[in-house]
There are 2 protein chains.
Amino acid sequence: MLEVFRDYINSKTSITDAAFEVIKSLCIVKKLRKKQYLLQEGDTWKYHAFICKGCLRAYRIDDKGVEHTTKFAIENHWTGDRAALLSGEPASYNIDAIEDSVLLLITNENFITICKEVPAFNEMINTILNKSFVANENRIHAAISYSAEENYQNFLRNSPDIANRVPQHMIASYLGISPETLSRIRNQAAKRQS
Amino acid sequence: MLEVFRDYINSKTSITDAAFEVIKSLCIVKKLRKKQYLLQEGDTWKYHAFICKGCLRAYRIDDKGVEHTTKFAIENHWTGDRAALLSGEPASYNIDAIEDSVLLLITNENFITICKEVPAFNEMINTILNKSFVANENRIHAAISYSAEENYQNFLRNSPDIANRVPQHMIASYLGISPETLSRIRNQAAKRQS
DNA sequence: TGATGTTCTTGATAAATGTCAATTGTTTTT
DNA sequence: AAAAACAATTGACATTTATCAAGAACATCA
């Protein structure tokens, strides 16, 4: 599965074979069966996780026991609990596999080492961080600005690859609406089509 | 106003006087009167903006002409349109002053120079970026998980300094609810108190 | 192939929030 | 100080979304 990671890096920057060997040696391959947890609320979390194959979701559980999906991650995405990683505090997110998945884990310590040793990798990571920062800003804007239906249509438009792979009730949770509401939105949209 | 910036840096890290002189020489002092724009949708945006004094808001305008406030910024905060800065595309945000304000502007180019020249500054910026990344994740979680009232109470709890300074209808816009709804939420909360 | 659990849909109803319009209160400007 | 502009409140009503309950559709797996 390490070729997936190599291809990913190559698509974003250019590093030497030697540099990749270093990176490779610090990667832990982790396989997850569908429904298995990568991380549970309360755990400590020390990794950057790159997805070679599969699909995961990160979510929090509120006082009423309801799950709220904060993000999905598929091939060539990163996931983890950034807050917990940076602070050392117990995780507030749960992350589990929606499909059988293969990940690469890199401890934050090793990750920092790689960034120091391989400037191109560091650059790449900075760019990714910036992009996801902007993506988060856009998601905030969407959440406060648009109706449930608009948000759903935008999600379909922007993330068709994810929309096709994850169960509908998780999309509802991601959008902050009930599964019933999403079902009705789809139903009405379909009617309008015809 | 540069002492404010110096104090801010000192509170986060430690840099030499010489380093600060370099930084200082690259800062542009910008004064804004209340209601004046720092940035308008469509403008190009090249700066990192640090607020020495005052209060600003960033917002977008939807197709119906409604403003949606995405963030507030007061003393010792940074603001700007990160997406536009990184991409070079025209800004999609408007930023204006809620009070008479004094900012320091640093062009992205100079900013990068400073980060290279002054490692401690670079570290500081990284930490800030990470923290606001996490703050954004929390805001997303809040937006999809909690009711209007819960979000308002959390806002009061987490940002009393801002809540006291900005008009109520902007808080409503920040929370993604109508001004009337916020007024009613406050009213009901007040009744419950007594 | 059943049997089981999960997911999705649908209906009835309740609750939350938005919209429009009028009114009052508060700042700003002249 | 008066006028004008802006901000907040309130009421009546519409719309959106949530909740609860039931059943249908689908997937999983023993």
Side-chain angles (χ1 to χ4, degrees), chain A residues 32-36 55 57 59 62-69 72 96-100 142-156 162-194, chain B residues 32-36 55 57 59 62-69 72 96-100 142-156 162-194:
Chain A
L32 286 179
R33 285 277 162 73
K34 186 171 174 173
K35 300 207 172 177
Q36 219 182 319
C55 182
R57 72 198 246 261
Y59 61 95
D62 69 21
D63 0 295
K64 288 167 203 144
V66 182
E67 297 176 356
H68 300 279
T69 303
F72 297 111
D96 62 18
I98 297 179
E99 307 169 0
D100 292 355
I144 65 172
S145 306
Y146 302 132
S147 69
E149 164 140 31
E150 284 168 317
N151 278 323
Y152 175 61
Q153 299 296 353
N154 287 337
F155 178 71
L156 286 187
I162 293 174
N164 289 325
R165 285 169 78 164
V166 306
Q168 204 171 297
H169 71 275
M170 289 185 192
I171 297 178
S173 154
Y174 178 86
L175 297 171
I177 60 178
S178 70
E180 294 94 335
T181 296
L182 181 53
S183 173
R184 289 182 177 111
I185 284 171
R186 283 162 52 86
N187 198 321
Q188 285 161 20
K191 270 186 204 152
R192 251 172 301 158
Q193 279 296 336
S194 55
Chain B
L32 287 178
R33 287 275 163 73
K34 185 172 174 171
K35 300 208 173 177
Q36 219 182 317
C55 182
R57 72 198 246 260
Y59 61 97
D62 69 21
D63 0 294
K64 288 167 200 142
V66 182
E67 297 175 357
H68 300 279
T69 302
F72 297 111
D96 63 17
I98 297 179
E99 307 170 0
D100 292 354
I144 65 172
S145 307
Y146 303 133
S147 69
E149 164 141 32
E150 284 168 317
N151 278 324
Y152 175 61
Q153 299 296 352
N154 287 337
F155 178 70
L156 287 187
I162 293 174
N164 289 325
R165 284 169 81 164
V166 307
Q168 204 171 296
H169 69 276
M170 290 185 192
I171 296 178
S173 153
Y174 179 85
L175 296 172
I177 60 179
S178 69
E180 293 94 335
T181 296
L182 181 53
S183 174
R184 289 182 176 109
I185 284 171
R186 284 163 51 87
N187 200 322
Q188 284 160 20
K191 269 185 203 151
R192 252 171 301 158
Q193 279 296 336
S194 55

Here the distance between atom C1' of dT9(C) and atom NZ of Lys191(A), to the nearest Å, is 11 Å
Under 4.0 Å, heavy atoms only, any strand: does Glu149(B) hit a base, just the sugar-phosphate, or nothing?
nothing
Between CG of Asp62(A) and P of dA18(D) the distance, given in whole Å, is 13 Å
Winner on side-chain proximity to Ser178(A), out of dA18(D), dT9(C), dT9(D), is dA18(D)
Interatomic distance, CG@Asp62(B) vs CD@Glu67(B), rounded to 0.5 Å, equals 10.0 Å
By the 4.0 Å heavy-atom rule, please label Lys64(A) as base, sugar-phosphate, or nothing. nothing
Ile177(B) CD1 to dA8(D) P, in whole Å, measures 13 Å
Whole-Å distance, Lys35(A) NZ to dT28(D) P, equals 9 Å
Atom CZ of Arg33(A) and atom P of dC29(D) are separated, to the nearest Å, by 10 Å
* To do: Check whether the side chains of Arg186(B) and Tyr152(B) place a donor and an acceptor atom closer than 3.5 Å, and report yes or no.
  => yes
Any sub-3.5 Å donor-acceptor pair from Thr69(A)'s side-chain atoms to Ser173(A)'s backbone N or O? no
Rounded to whole Å, CZ of Arg184(B) lies from P of dA15(C) at a distance of 17 Å
Whole-Å distance, Gln168(A) CD to dA25(D) P, equals 15 Å
* Check the pair Met170(B), Phe72(B) against side chain to side chain contact (heavy atoms under 4.5 Å, CB included), reporting the backbone distance first and the verdict last. => CA-CA 9 Å; Met170(B) 290 185 192; Phe72(B) 297 111; 4.0 Å; yes
Next on the checklist: Please determine whether a side-chain nitrogen or oxygen atom of Thr181(A) lies at a distance below 4.0 Å from atom OP1 or OP2 of dA18(D).
Outcome noted: yes
Using a cut-off of less than 4.0 Å, is there contact between a side-chain N or O of His169(A) and OP1 or OP2 of dT6(C)?
no
Is there a donor N/O on one and an acceptor N/O on the other, under 3.5 Å, for the side chain of Glu180(A) and the base of dC8(C)?
no
Tell me, with the steps shown, if Arg57(B) and Asp96(B) meet salt bridge (Lys or Arg N to Asp or Glu O under 4.0 Å).
CA-CA 6 Å; Arg57(B) 72 198 246 260; Asp96(B) 63 17; 3.2 Å; yes
Rounded to whole Å, CZ of Arg186(B) lies from P of dA8(D) at a distance of 8 Å
Sorted by position of nearest nucleotide on DNA chain C, 5' first, the leading residue of Lys34(B) and Leu182(B) is Leu182(B)
